[in-house]
Number of protein chains: 2
Amino acid sequence: MDEAPHYRPLYRQVYGFLVKQIADGSWRPGESLPSEQALAARLNVSQGTVRKALDSLAVEKLVERRQGKGTYVAEHTQERALFRFFRLTTIGGVRAIPTSAGETVRRREARRDEIQRLNLASGALVVEINRTRLIDGKPAIHERIILPLALFPGIDKRTPLPNALYSLYQHEYGHNIVAAHEELRAELARKEDARRLKLKPGAPLLHIDRIGVALDGMRVEWRTSRCDTSHLVYAVTLS
Amino acid sequence: MDEAPHYRPLYRQVYGFLVKQIADGSWRPGESLPSEQALAARLNVSQGTVRKALDSLAVEKLVERRQGKGTYVAEHTQERALFRFFRLTTIGGVRAIPTSAGETVRRREARRDEIQRLNLASGALVVEINRTRLIDGKPAIHERIILPLALFPGIDKRTPLPNALYSLYQHEYGHNIVAAHEELRAELARKEDARRLKLKPGAPLLHIDRIGVALDGMRVEWRTSRCDTSHLVYAVTLS
DNA sequence: GAGTGGTCTAGACCACGCA
DNA sequence: GCGTGGTCTAGACCACTCT
């Protein structure tokens with residue numbers, strides 16, 4: 001007997017309704033939602049039930065709640081978009097701001113591995129972005145970013161791209177990145193790594209493979225980063 | 001005016017009380033807490049307030065709640081202790097079970113970096129554990145674990161140590177590891193790495209530096225792992 | 001059927017931000 | 001002073017587990 005759950009609590013239904021509204025853009029990033037009272041009245045449930053749904057949304061960082069003011073659709077501001085999923089810090093533990101250098105953008109047919117990772121149809125078009133990131137003015141990370149063109153029409157014409165791509169995704173294309181699945185390996189610098197990051201071939205590199213997942217569960221971005229960790233570390237707290 | 005918060009909500013006070021009881025061992029791992037009703041009566045608050053505190057504890061994985069049964073003090077079972085903070089998977093994404101080989105345990109005075117990382121007094125004694133971990137029978141990870149002897153009296157006499165150390169820490173010493181701060185870098189295999197992991201010197205290694213933090217906030221363990229990531233990846237989901 | 005946690009409601013009051 | 005979210009209470013009923 002492996003049945004689907006026979007029943008969804010009311011607050012989960014309210015939660016689903018709110019997520020849909022946000023995904024649709026009925027309330028835009030940065031805007032405030034109706035008050036708990038107003039939502040409760042509109043949906044014919046008690047305020048406590050709305051509250052429970054909103055609290056879940058806040059935990060998942062889809063909304064922000066401010067006592068005395070209201071509940072706001074969370075926004076990937078430039079600042080936060082840069083750091084929410086960016087785990088690299090200088091060795092003292094300080095976040096250094098990455099800047100871009102040497103950006104190239106082109107569109108082409110998706111390769112087999114890209115089709116698989118991003119759940120694309122064969123023959124789909126993608127945009128490939130290559131850019132080197134500087135920390136304290138020195139090249140430290142090389143990123144290759146693969147985007148399905150269908151989800152980001154015309155993004156290859158928007159050069160130069162902003163520092164914080166996730167903010168662009170959210171505001172211009174409505175794709176709200178809410179989770180990132182990362183896989184890390186140690187590798188050796190190849191010739192092209194050495195050139196881009198001013199290293200010797202054979203130097204150790206941290207290779208990071210990230211799939212960015214949007215609010216609706218779609219895999220929206222594949223990003224591979226190759227990082228010189230002689231002056232940086234990837235810091236994460238597990239709990 | 002940088003004042004301390006003027007007031008702590010009731011449910012936070014209840015939360016603090018419960019954490020203290022668990023830390024003290026008043027309820028032992030695996031045992032059930034009193035029911036919400038009973039706690040509410042004992043503490044003179046409403047059941048809803050107790051519930052809110054228990055829900056926080058459940059989110060932080062200090063307790064587990066089972067509908068129809070009760071609320072239980074979370075337990076680092078062998079199984080879960082192994083995997084809760086273990087992010088290495090085989091490339092298909094499957095968790096492989098590590099086994100131990102070549103374990104050495106000795107006690108000595110703490111070195112400067114250990115004193116700093118574990119907040120020790122100078123001259124404090126530590127236990128150093130070195131062991132190589134096998135995945136699918138092949139050496140893949142070398143761990144060096146530093147423990148303050150004061151927190152783990154006699155642990156150096158307990159060889160061979162179990163596979164899941166965190167379970168031992170919790171049940172035998174009352175140190176409940178609830179968070180791990182990890183820092184990752186790519187490095188090259190040195191001669192001793194090469195010997196232990198059957199690699200060539202100069203092969204890439206993932207170096208993981210972990211501080212294990214206990215329930216009371218104490219830094220209880222410093223663990224450095226050096227991993228051959230040719231057949232493994234470090235997988236983590238950011239959100 | 002008894003006891004547990006889970007959901008839902010209604011209402012009172014508190015803390016905060018703003019005009 | 002008003003409206004917002006935050007806390008706290010009391011009580012009803014539901015879903016689950018075990019006896």
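A note on names: the letters A, B, ... follow the listed sequences, proteins ahead of strands, and every chain is numbered from 1. Since we're looking at a predicted model, the values are computed, not measured.
In this structure, A:Arg87 does not pair ionically with A:Glu182, as no charged nitrogen and carboxylate oxygen lie closer than 4.0 Å.
Remark: A:Gln67 engages no residue in a side-chain hydrogen bond (donor to acceptor under 3.5 Å, both in side chains) (not counting sequence neighbours).
Under the salt bridge (charged side-chain N to carboxylate O under 4.0 Å, His left out) criterion, the residue pairs touching residues 19-37 of chain A are A:Glu36-A:Arg51, A:Glu36-A:Arg65, with sequence neighbours excluded. Pairs of residues two or more places apart, or lying in two chains, never qualify as side-chain hydrogen bond (donor to acceptor under 3.5 Å, both in side chains) while including a residue from residues 88-98 of chain B.
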Please list each protein N or O that sits under 3.5 Å from an N or O in nucleotides 14-17 of chain C, with the distance.
unit_1	atom_1	unit_2	atom_2	d
C:dA15	N3	A:Gln67	OE1	2.8

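Looking at residues 41-65 of chain B, you'll see B:Arg51, B:Arg65 sit with a heavy atom under 4.0 Å from some atom of DNA chain C.
Of the residues A:Leu134, A:Thr132, A:Asp136, the one that meets the side-chain contact (heavy atoms from CB on, under 4.5 Å) test with A:Thr99 is A:Leu134. A side-chain contact (heavy atoms from CB on, under 4.5 Å) with B:Trp222 is found for one member of B:Val126, B:Ile145, B:Asp113, B:Leu147 and no other, namely B:Asp113.
A side-chain N or O of A:Arg133 and one of A:Ser100 form a donor-acceptor pair less than 3.5 Å apart.
Of all nucleotides in DNA chain D, those with any atom nearer than 4.0 Å to a heavy atom of chain A start and finish, going 5' to 3', at D:dG3 to D:dA15.
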Determine, stepwise, if the pair A:Tyr169 / A:Leu151 fulfils side chain to side chain contact (heavy atoms under 4.5 Å, CB included). CA-CA 9 Å; A:Tyr169 299 171; A:Leu151 296 181; over 6 Å; no
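In this entry the distance linking CG of B:Leu39 with C1' of C:dG3 reads 15 Å, nearest Å.
The aromatic rings of A:Tyr166 and A:His76 lie tilted to each other, with the angle between the two planes from 30° to 60°.
Contact between A:Asp156 and A:Thr159 at its shortest, heavy atoms only, is O-CG2, 4.2 Å.
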